[in-house]
Amino acid sequence: VQLQASGGGLVQPGGSLRLSCAASGRTLSTLTMSWFRQAPGREREFVVVDDWKRRRTYYQNSVKGRFTASRDTAKNTVYLQMNSLNSEDTAVYFCAATARNLILSSYSNPQQYDYWGQGTLVTVSS
């Protein structure tokens with residue numbers, strides 16, 4: 001499985017961006033997809049998981065109501081719509097995938113994911 005993330009850039013506080021992650025080598029319906037992010041000097045942190053098989057989506061508390069994960073199965077692509085961005089959202093964003101059946105407590109653990117995109121930088125600044 002290869003993941004290609006894109007869509008990052010510079011945005012002003014309060015603005016929006018949509019990230020994309022195109023998957024190849026396996027159909028999305030067989031994968032649990034997540035987004036993580038890593039700010040400078042900080043550990044990689046969980047943002048959202050889209051567990052397609054179980055029809056579950058979970059968000060980190062700090063992005064609830066602002067970020068929305070979605071997928072287009074025809075394009076084999078997942079998206080992260082990010083609204084009301086603030087400086088705390090500045091980070092490199094990574095999409096990640098696994099074919100494992102994760103339990104709830106494992107969604108946020110980067111080590112549970114087998115495939116990673118290359119990361120796309122989001123900078124929120126005026």
Side-chain angles (χ1 to χ4, degrees):
V1 177
Q2 291 188 327
L3 303 177
Q4 181 72 37
S6 61
L10 174 64
V11 62
Q12 292 186 340
S16 298
L17 278 176
R18 189 178 79 157
L19 307 183
S20 300
C21 177
S24 59
R26 192 157 182 168
T27 59
L28 285 183
S29 61
T30 66
L31 297 170
T32 291
M33 301 294 298
S34 286
W35 290 92
F36 288 78
R37 64 186 181 185
Q38 188 165 17
R42 302 181 68 174
E43 293 187 353
R44 191 166 298 190
E45 67 170 356
F46 168 80
V47 176
V48 61
V49 59
D50 178 11
D51 186 341
W52 180 256
K53 288 179 284 187
R54 294 194 179 97
R55 298 295 193 266
R56 296 174 184 171
T57 304
Y58 295 106
Y59 295 88
Q60 182 203 109
N61 285 339
S62 69
V63 307
K64 282 182 182 177
R66 300 189 299 122
F67 289 13
T68 303
S70 63
R71 61 173 70 195
D72 184 331
T73 55
K75 295 182 178 180
N76 223 40
T77 299
V78 295
Y79 302 98
L80 183 63
Q81 177 67 43
M82 306 185 296
N83 299 328
S84 301
L85 287 161
N86 58 61
S87 59
E88 295 294 309
D89 298 315
T90 294
V92 177
Y93 283 71
F94 299 88
C95 55
T98 181
R100 308 182 200 190
N101 291 317
L102 300 183
I103 59 175
L104 179 59
S105 61
S106 296
Y107 285 141
S108 60
N109 183 356
Q111 295 182 352
Q112 296 295 323
Y113 294 84
D114 303 302
Y115 311 105
W116 290 84
Q118 83 284 9
T120 184
L121 177 62
V122 173
T123 303
V124 184
S125 175
S126 55

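These numbers were taken from a predicted model, which means no experiment stands behind them.
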**Q** My understanding is that only residues two or more places apart in sequence, or in another chain, count here; which of them pass salt bridge (charged side-chain N to carboxylate O under 4.0 Å, His left out) with Asp89?
**A**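 Scan of Asp89 (salt bridge (charged side-chain N to carboxylate O under 4.0 Å, His left out), adjacent residues dropped) gives Arg37, Arg66.
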**Q** Which value, rounded to the nearest 0.5 Å, describes the distance between Thr32 atom OG1 and Arg56 atom CZ?
**A**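 Nearest 0.5 Å value for the OG1-CZ distance: 10.0 Å.
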**Q** Can you establish whether the number of heavy atoms outside Lys53 located under 6.0 Å from its atom NZ is more than 12?
**A**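 Yes, enclosed.
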**Q** Got a sec: does the CD of Gln2 have more than 12 other heavy atoms crowding it under 6.0 Å?
**A**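 Incorrect, the count does not exceed 12.
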**Q** Considering non-hydrogen atoms only, spot the tightest contact between Met33 and Ala97 and give its length.
**A**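 Shortest heavy-atom separation between Met33 and Ala97 comes out as SD-CB, 3.4 Å.
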**Q** Kindly say whether Tyr93 contributes a backbone atom to a donor-acceptor pair with the side chain of Thr120 at under 3.5 angstrom?
**A**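 No; judged by distance alone, with no hydrogens or angles, the pair does not exist.
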**Q** May I ask you to list the residues sharing a hydrophobic cluster with Tyr58, side-chain cutoff 4.5 Å, ordered by chain and number?
**A**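 Besides Tyr58, the cluster holds Phe36, Phe46, Val49, Val92, Phe94, Leu102, Leu104, Tyr107, Tyr113, Trp116, Leu121.
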**Q** Start with the C-alpha gap between Val47 and Phe67, add the side-chain angles, then the distance that decides, and say whether side-chain contact (heavy atoms from CB on, under 4.5 Å) holds.
**A** CA-CA 9 Å; Val47 176; Phe67 289 13; 3.8 Å; yes
**Q** Please report the closest heavy-atom contact between Met82 and Val122, naming both atoms and the distance.
**A**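 For Met82 and Val122, the tightest heavy-atom pair comes out as CE-CG2, 3.8 Å.
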**Q** For the atom pair OG1 (Thr98) and OH (Tyr115), what is the distance rounded to the nearest 0.5 Å?
**A**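 It comes to 7.5 Å.
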**Q** If you count the non-hydrogen atoms of other residues, nucleotides and ligands that lie under 6.0 Å from CD in Glu45, is the total more than 12?
**A**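 It does: Glu45 CD has more than 12 such atoms within range.
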**Q** Looking at Trp52, I'd like to know if the NZ or CZ of Arg55 sits under 6.0 Å from its six-membered ring centre while staying within 45 degrees of the ring's axis.
**A**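 The answer is yes, since Arg55 meets both limits relative to Trp52.
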**Q** Name all residues meeting the salt bridge (charged side-chain N to carboxylate O under 4.0 Å, His left out) criterion together with Arg18; count only those two or more places apart in sequence or in a different chain, and write none if there are none.
**A**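 By the salt bridge (charged side-chain N to carboxylate O under 4.0 Å, His left out) rule, Arg18 matches no residue at all.
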**Q** What distance separates Thr57 OG1 from Asp51 CG, expressed to the nearest 0.5 Å?
**A**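 Taking OG1 in Thr57 and CG in Asp51, the distance rounds to 8.0 Å.
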**Q** Looking only at heavy atoms, which two atoms of Ser16 and Ser84 are closest? And how far apart?
**A**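 Looking at all heavy atoms of both residues, the closest pair is OG-N, 4.4 Å.
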**Q** Tell me the closest heavy-atom pair linking Leu28 and Ala23, and the distance in Å.
**A**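 Distance-wise, the nearest heavy atoms are CD2-CB, 3.9 Å.
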**Q** Which atom pairs, donor and acceptor, lie under 3.5 Å between side-chain atoms of residues 3-15 and protein residues at least two apart or in another chain?
**A**
none

**Q** Could you check whether any side-chain heavy atom of Thr73 comes within less than 4.5 Å of a side-chain heavy atom of Thr27, counting everything from C-beta outward?
**A**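 A side-chain contact is absent here, since even the closest heavy-atom pair is not under 4.5 Å.
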**Q** Quick check: closest heavy atoms across Asp50 and Arg71, and the distance to 0.1 Å?
**A**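 The pair with the smallest heavy-atom distance is OD2-NE, 2.8 Å.
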**Q** Just grab all the salt bridge (charged side-chain N to carboxylate O under 4.0 Å, His left out) pairs involving residues 113-126, residues at least two apart or on different chains.
**A**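 Output for this query lists Arg100-Asp114.
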**Q** Kindly say whether Pro110 contributes a backbone atom to a donor-acceptor pair with the side chain of Arg44 at under 3.5 angstrom?
**A**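 Looks like no, no N/O pair under 3.5 Å.
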**Q** By ring-ring contact (aromatic ring centres under 6.0 Å, His included), which residues pair with Tyr59, not counting sequence neighbours?
**A**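 ring-ring contact (aromatic ring centres under 6.0 Å, His included) list for Tyr59, sorted by chain: empty.
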**Q** Quick check: does any side chain N or O of Asn76 sit under 3.5 Å from a backbone N or O of Arg26, one acting as donor and the other as acceptor?
**A**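 At least one qualifying donor-acceptor pair exists.
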**Q** Using side-chain heavy atoms (C-beta onward) and a distance below 4.5 Å, is Val63 in contact with Val48?
**A**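 Not in contact.
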